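Down below is the structure, laid out as structure tokens.
Predicted model only: the values in this text are computed from it and were never measured.
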Amino acid sequence: MTKGERAYYVTTPIYYISGEPHVGHVYTTVVADVLARTARTFQPTFFLTGTDEHGQKVANAAAAAGKTPQQWCDELVPRWKALFAGYHVQYDDFIRTTEKRHIVKVQRVFEQLRERGDVYLGKYEGWYCVNDETFWLASKLVDGCCPTCGREVEWISEDDWFFRLSAYRDRLIEHFRRFPAWVQPRSVYNEMMAILEEGLEDLSISRTNFDWGVPIPGDGGVIYVWLDALLNYITAIGWSEDEARFRTYWPASTQLIGKEIARFHTIIWPAILWALGEAAPELVFAHGWITIDGQKMSKSLGNAIDPFALKERFGADSMRYFLLREAPFGSDFSYSEEKIAQRHNGDLANDLGNLLQRTLSMVGRYRGGVVPAGRPGASDFAQTFAGLPMTVRARILDLRFREALEEIWRLVTALNRAIDERKPWVLQKEGRSAELDALLYDLCEGLRWLAVLLHPVMPERTRNMWRQLGDPGAIDADWSSTLARWGGLEAGTRTAIGASLFPRIELLAAEP
RNA sequence: GGCUCGGUAGCUCAGUGGUAGAGCAGGGGACUCAUAAGCCCUUGGUCGUAGGUUCAAGUCCUACCCGAGCCA
């Protein structure tokens, strides 16, 4: 099935709310938003994000704060929603795993799998890390502590429900071989394949040592938080409830994850789906870490960045641009305020913002602020950039954001170059008004294209551009109408030059 | 201990057998509509190291070094 024939469904992981959000959460969510906003310009689209609220870690955090887990979650969720709103994220649904619509379906999944025999009762004994919600073999422990987080592990001995993961190993291997691009980047694919080739054990999916979770139907204990969490991707779109809706969106087009949760999403998740008789997602893409001076960002290192403060300092759209432009998606991402400022000043203020300003200034000065009639059919730009929208769309949906932006910047550069080469101030002085009209028209039309093409990446600033260009229609309409041809901007449109689109940011001098 | 990915210009990266590229930074120039922005020209790399295969290797093979990660 090719893209365009059915709906585009993109998901972020649901975020575990054991604390405040950080910039890594913004990264994943913004990327999903750009995918969704792009997809919406040509096909039905659904973008899901949300919060993962069960598990012992949340229960402990709540207890430490003197609150019930539900209170704790209810107070934190608005922080996440405010953050995403602040970064102009436009999700279609925000699911919380404590919602009834989710819980009843998780229980239904459990019952179905138990009826099928894919869930069975067994005995589990072993070491368990509360922080990571993970069981460890004794051989993996480091000085008796969790090899991942270094905290003490607990000895657990209980009758557990198991998911028959091992039964899906062959099918997983076959799936990986048949669809070598279904897990990206390649390094993650290889690592998951290595895990599969080593062999799989059945997965314990029940917990009895705490009760903050989805109750197991007809038994004590709660369902393993990871099973609970993964199911959000289908419970939110009507699985077992609204068949037509569910079939519209599933299987997901793109599931974004951090690489630390690749195993859950590329091994356990497809196996569960198959056990339910559903298809695996089309693409799972694991992005890299955000690093600071090469160091992983984490709360324990004390170098986590407050995304609210970053937004205030640089602006949400500049941050969005930076996150997509700076590193190839999938690679680790080295962050610094200097780099953000460099991108903001160099690409956004100098190239794009200044282009808008110099253009509208000349339209104001030479043509009273009204877009003149040009000759778009005869424009060099029409020919050169006819294929740009399709190229940009393809690059974005392929998650090659950096390349997409580089393509768009070819137009920015071409417009800036045209001004310098054709010298509108000379055309004006010499009274060559037809040439001047044609040039000014092309510049405005080019800026209109840029606003449309960049709108998924910088929704707020491009709306500002749009207003300055005279508000020529719907900026987020289907590209097959807005960018159908060079010449969509109507002559006579009254422009409204405003304040600088991206005022330059001066970094404070470094301390000696 | 096994495995994976990466190591290309000061920086961030592209380049999957056929004369080393882009952007930024650095240097020079012409202009003035513009956020002292933009435009033009330009300096700069023995492509981690050592071997090997090939008429030809950044690109394939082997070993090693460095970085990140996965598994044990």
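- Look at the C1' atom in both B/U16 and B/U8: the space between them is 14 Å, to the nearest Å.
- Counting any heavy atom pair closer than 4.0 Å across all strands shown, A/A349 reaches a base atom.
- Remark: aromatic rings of A/F163 and A/W269 are distant, center separation not under 6.0 Å.
- Among the protein residues, A/L360 comes within range of no part of the nucleic acid, since none of its heavy atoms lies under 4.0 Å from any strand.
- OP1 and OP2 of B/C13 both lie 4.0 Å or more from every side-chain N or O belonging to A/R325.
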Given the rule in the ring pair (Phe, Tyr, Trp, His ring centres under 6.0 Å) test, do A/F314 and A/F322 qualify, once you have shown the distances and angles that lead to the verdict? CA-CA 10 Å; A/F314 297 102; A/F322 172 77; 8.3 Å; no
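- Using a 4.0 Å heavy-atom distance criterion, A/S500 is classed as a base contact.
- Looking at the side chain of A/W289, the nearest of the listed nucleotides B/C33, B/G69, B/A37 is B/G69.
- Less than 4.0 Å separates RNA chain B from at least one heavy atom of each of the following residues of residues 363-373 of chain A: A/R365, A/Y366.
- Taking the ring centroids of A/W161 and A/Y120, they lie at or beyond the 6.0 Å cut-off.
- B/C31 makes up no base pair with any nucleotide shown, lacking Watson-Crick or G-U wobble contacts both under 3.5 Å.
- In this structure, of B/C33, B/C24, B/G69, it is B/G69 that holds the atom nearest to the side chain of A/E191.
- In this structure, A/W274 and A/Y168 have tilted ring planes: the angle between them lies in the 30° to 60° band.
- The side chain of A/I195 lies closest to B/C71 when the candidates are B/A14, B/A37, B/C71.
- Contacts between residues 407-441 of chain A and RNA chain B, defined by a heavy-atom separation below 4.0 Å, involve A/T413, A/N416, A/R417, A/I419, A/D420, A/W425, listed by number.
- Between A/E406 and A/R395, no side-chain nitrogen of the basic residue sits less than 4.0 Å from a carboxylate oxygen of the acidic one, so the salt-bridge criterion is not met.
- Contact check, A/Q357 against B/U35: a side-chain N or O comes under 4.0 Å of OP1 or OP2.
- Exactly one residue among A/K339, A/Q342, A/R402 makes a side chain to side chain contact (heavy atoms under 4.5 Å, CB included) with A/E326. That residue is A/K339.
- Summarising the geometry, the separation between CZ on A/R402 and P on B/C24 is reported as 12 Å, rounded to the nearest angstrom.
- Here the two rings, on A/Y335 and A/Y27, have centers that are 6.0 Å apart or farther.
- Under a 4.0 Å N-O distance rule, the pair A/R467/A/D471 does not qualify as a salt bridge.
- If you check every strand for non-hydrogen atoms under 4.0 Å, A/F502 touches a base.
- Between A/E403 and A/L355, the residue anchored closer to the 5' end of RNA chain B is A/E403, taking for each the nucleotide with the nearest heavy atom.
- The salt bridge (Lys or Arg N to Asp or Glu O under 4.0 Å) check on A/R463 picks up A/D476, with sequence neighbours excluded.
- Contact annotation: A/N350 does not reach the phosphate of B/U35 (side-chain N/O to OP1 or OP2, under 4.0 Å).
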